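Okay, so here's the structure we're looking at.
Since we're looking at a predicted model, the values are computed, not measured.
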Amino acid sequence: MTIPPTDIPILAPPRRTFGIGALAVVAVLSIAVAIPAALAVSYELRLGAQQSVPGATPTLYQCPMHPSIIRDHPGVCPICGMKLVKIENSKSNTDTKLPEERRILFYRSPMDPKLTSKTPRQDEMGMDFVPVYEEDAGARPLIPGLAVVEIDPTRQQLIGLRTAEVTQGPVGGAWRTVGRVAIDETRVRHINLKVSGFVEHIYVDFVGKRVKKGDPLFSMYSPDLLAAQSEYLVALKTKSALSGTGNDADGLLSAARSKLELWDVPAADVRRLASTGQVTKSLTVYSPLAGVVTKKDVVEGMKLDAGAMPYEIVDLSSVWVLADVYESELRFVAENMPATLKLTAFPNREFKGKAAFIDPLLDPDTRTVKVRLAFANTTGELRPGMFGEVVLLGTPRDGLSIPADAVIDSGTEKLVFVAIGAGKFQPRTVKVGASDETNVEIVSGLTLGERVVTRANFLVDSESRLRASLAETSAGVTFPVAPESARVLPATTEPVAPKP
C-alpha cells in the first residue's frame, strides 16, 4: 500500500538552551538552600522534643561578672561585654528563670545607672538598656544602703570567697602592741670625782666595754690627795707618840681617815698606807658595779676638776621595754600584768616580763600612753634600741569570736556578711569587743555556728550596695542617711525638687 505524500512539513528537533554546566549550578544552589532548611527543621524538632520531655531544662548562658544577665542562647553581656558562659549545673538551670519568665521592673543604662526607662531603648552611644528584674531589685534592705547578695558557687570560687564559723572560747586574754627595748633608768651610774687631779693611765678606753664590779677604770695624780695621805700618817705617828702620856689622839686620826674615805679612797689603800707608812702618788678609781660603759669623757694627761664625770656605766642585767598604748585600750592594761616579747633577731625565743609602770601622762601628739615593761637580761641578748612584738596577757573570758578579717569598719559601725544558705549572704551590724589582731570578740549581732565571709568581703560589700541602690530606685524612695555620715561637698542653696 502506498501512502500518499502530504504537505505537512516535518519539524526539526528542538535545540538545547541549557548545558550540563547550568544544570550543575542549579543543583548546587538547591542543595545550599535545602541544608539550612533541614538544619532549622532539625533544631526545631530537637527543641520541641526537649521541651516536651518532662523534667528537661533549656541550656542557659550567664555572665560570669553579672549573674543577673541570663540568656537561652550564646552571646555577650550587654553591661561588660564579656562572653556568656554556659551554666553546666542542671540544678542551677532548673532554679534559674529565663528573662522572659521574670517580671521586668524597668530598663537601666549600662553606662549611667541614673538613666532608666519603662520601655526598651538605647542611649546616645547606641548601647541597649539593661532590664532590671523584680528579684534583682529586691525588697527594701534591713540595713540602709545594703542588701542581701546571692552569689553562685562558680563565682564564689572565681573571686576567692571564704567563710569562717563563729566559735566560742576564751577571748580578751591577750593584747598586742609594739615595744622598744630601752635602758632601765634605775640602773644607770655616773662615776664622778670629789677631788681634782691629773689622769695618768686609762684602763677602760672605749665606749661599750663591759666591766665587772671592782675593775680599775683609770688612775690619777692629785696633790690634795697626796697631802691627805701625809696628814693620815702624821696622825698615826702622833697617836703612837702620845700613847704613853695619857693624851688621846684618836680624834685626830679619825678625822684624817674620814677625809680619805670621803674622797672615795678604797679601804684597802688606807690599810696599806697604815701598814707601809708610804704615801702613794697615784689614786686608782674602780668600777662600783658591773655593766657596760655608755659614756667616756676622759683621756690620758687630762686635768679633772672636782665634780667631773669621766664615765657612765649602765647595768643591763635588766632592761625596760617601752610600749605605746592608745587611750581606747588603757582599760586592758594594769601594773604587774605578765607580758611576752618576741624579736626578729631571735624568732624562736620568747622573753617573759611584766608591766612595771604606766605613765600617768598622755602624749598629746600620738594620743598614746607609755607602758614600761621590765624584762630580765642576764644573757645580754636584749639590746637597747631593738623593736619587737609585745603581748600583754590578761585574764581571758568566755565569749564568741570571729577572724578579724571578717569585720568591715564603715567608720560609724562594724559590718559582717553572714552566709544564710543557697549562696546568699546577708549584711549584719555587730558590736565587737577585745581583739588580738587575729580574732575579734563579738558582743552582739551573731550567734554560735553562723558563718561569716572572711575573704572577698569587700567585693560582697560592693555588690550589696549596688543591689540596695537598685532596690531604692525600683521602690522610688530614699533610705535615711545616718547622722554620723559626713558631707563630702557643701550643700547647695538651690531647692531640690521632690521625686515623682
Exercise. Considering non-hydrogen atoms only, spot the tightest contact between Trp175 and Asp324 and give its length.
Key: CH2-O, 4.0 Å
Quiz prompt | Residue pair Asp297 / Met309: nearest heavy atoms and the distance that separates them | solution = CB-O, 4.1 Å
Quiz item: Mind checking what makes salt bridge (charged side-chain N to carboxylate O under 4.0 Å, His left out) contact with Glu441, not counting sequence neighbours?
Solution: Arg397
Atom pairs and distances, side-chain donor-acceptor, residues 339-349, under 3.5 Å, sequence neighbours left out:
{"from": "Arg349", "atom 1": "NH1", "to": "Glu381", "atom 2": "OE1", "distance (Å)": "2.7"}
{"from": "Arg349", "atom 1": "NH1", "to": "Glu381", "atom 2": "OE2", "distance (Å)": "3.2"}
{"from": "Arg349", "atom 1": "NH2", "to": "Glu381", "atom 2": "OE1", "distance (Å)": "3.2"}

Exercise. Report the distance from atom CZ of Phe425 to atom CG of Asn457, rounding to the nearest 0.5 Å.
Key: 11.0 Å
Quiz item: Any donor and acceptor pair, going by atom type alone, linking the side chain of Tyr311 with main-chain N or O of Asn192 inside 3.5 Å?
Solution: no
Quiz item: Counting only N and O atoms by type, is there a donor-acceptor contact under 3.5 Å from the side chain of Asp215 to the main-chain atoms of Lys212?
Solution: yes
Quiz item: What heavy-atom pair brings Gly433 and Val440 nearest, and what distance separates the two atoms?
Solution: O-CG2, 4.5 Å
Quiz item: Could Arg367 and Asp363 be called an ion pair, given the rule that one side-chain N must be under 4.0 Å from one carboxylate O?
Solution: no
Quiz item: Going through the checks in order, is the side-chain contact (heavy atoms from CB on, under 4.5 Å) test met by Asp72 and Thr59?
Solution: CA-CA 6 Å; Asp72 60 347; Thr59 301; over 6 Å; no
Quiz prompt | Close side-chain approach of Leu382 to Phe351, heavy-atom, < 4.5 Å | solution = yes
Exercise. Not counting sequence neighbours, which residues clear side-chain contact (heavy atoms from CB on, under 4.5 Å) with Asp128? List them please.
Key: Gln122
Exercise. Give a yes or no on whether the backbone of Glu413 and the side-chain of Ser410 come within a donor-acceptor separation of less than 3.5 Å.
Key: yes
Exercise. Of all the heavy-atom pairs spanning Leu316 and Asn377, show the shortest one and how long it is.
Key: O-ND2, 3.0 Å
Practice problem: Run the salt-bridge test on Asp315 and Arg187 with the 4.0 Å N-O cut-off and return the result as yes or no. | Solution: yes
Quiz item: Does a side-chain heavy-atom distance below 4.5 Å link Val416 with Val453?
Solution: no
Self-check item: Verdict with reasoning, Asp398 to Val171, per side-chain contact (heavy atoms from CB on, under 4.5 Å)
Solution: CA-CA 6 Å; Asp398 191 69; Val171 296; over 6 Å; no
Exercise. Report yes if the side chains of Val369 and Leu330 come closer than 4.5 Å at any heavy-atom pair, otherwise no.
Key: yes
Quiz item: Backbone N or O of Val298 within a donor-acceptor pair of the Lys296 side chain at under 3.5 Å?
Solution: yes
Self-check item: Phe458 and Ile408, any side-chain heavy atoms less than 4.5 Å apart
Solution: yes
Quiz item: When you look at Glu389 and Arg176, which way does the side-chain contact (heavy atoms from CB on, under 4.5 Å) test go after all the steps?
Solution: CA-CA 7 Å; Glu389 182 187 49; Arg176 298 177 184 270; 3.3 Å; yes
Quiz item: Below 4.5 Å, heavy atoms only, C-beta onward: do Val85 and Gln62 meet side chain to side chain?
Solution: no
Self-check item: salt_bridge(Glu335, Arg372) N-O dist < 4.0 Å
Solution: no
Quiz prompt | Exercise: identify the closest heavy-atom pair between Ala147 and Pro427 | solution = O-CD, 3.5 Å
Quiz item: Can you tell me how far OG of Ser444 sits from CZ of Arg428, rounded to the nearest 0.5 angstrom?
Solution: 11.0 Å
Quiz item: Are Glu150 and Arg155 close enough for a salt bridge, meaning some N to O gap below 4.0 Å?
Solution: no
Exercise. Walk me through it: do Leu400 and Leu448 pass the test side-chain contact (heavy atoms from CB on, under 4.5 Å)?
Key: CA-CA 7 Å; Leu400 301 178; Leu448 181 64; 4.0 Å; yes
Self-check item: Any donor-acceptor N/O pair, Glu463 side chain to Val460 backbone, under 3.5 Å
Solution: no
Quiz prompt | NZ/NE/NH1/NH2 to OD/OE distance under 4.0 Å, Glu312 and Arg189 | solution = no
Self-check item: Straight-line distance of Tyr203 OH to Tyr286 OH, nearest 0.5 Å
Solution: 7.5 Å
Quiz prompt | Separation between NZ of Lys209 and CD1 of Ile313, rounded to the nearest 0.5 Å | solution = 11.0 Å
Quiz item: Looking at NZ of Lys424 and CD1 of Ile151, how far apart are the two atoms once the value is rounded to the nearest 0.5 Å?
Solution: 12.5 Å
Quiz item: Is any side-chain heavy atom of Pro403 less than 4.5 Å from a side-chain heavy atom of Thr438?
Solution: no
Practice problem: Identify the two heavy atoms, one from Asp123 and one from Phe129, that lie closest to each other, and give their separation to 0.1 Å. | Solution: N-CE1, 3.6 Å
Exercise. Please round to the nearest 0.5 Å and tell me the distance separating atom OG1 of Thr454 and atom CG of Leu161.
Key: 7.5 Å
Exercise. For the residue pair Leu373 and Trp320, establish whether any side-chain heavy-atom pair is separated by less than 4.5 Å.
Key: no
Quiz item: Picking from Ile442, Val407, Val430, Ile402, what satisfies side chain to side chain contact (heavy atoms under 4.5 Å, CB included) with Val452?
Solution: Ile402
Quiz item: Going by an N to O cut-off under 4.0 Å, is there a salt bridge joining Asp405 and Arg455?
Solution: no
Self-check item: Any Phe375 side-chain heavy atom under 4.5 Å of Lys354 side chain
Solution: no
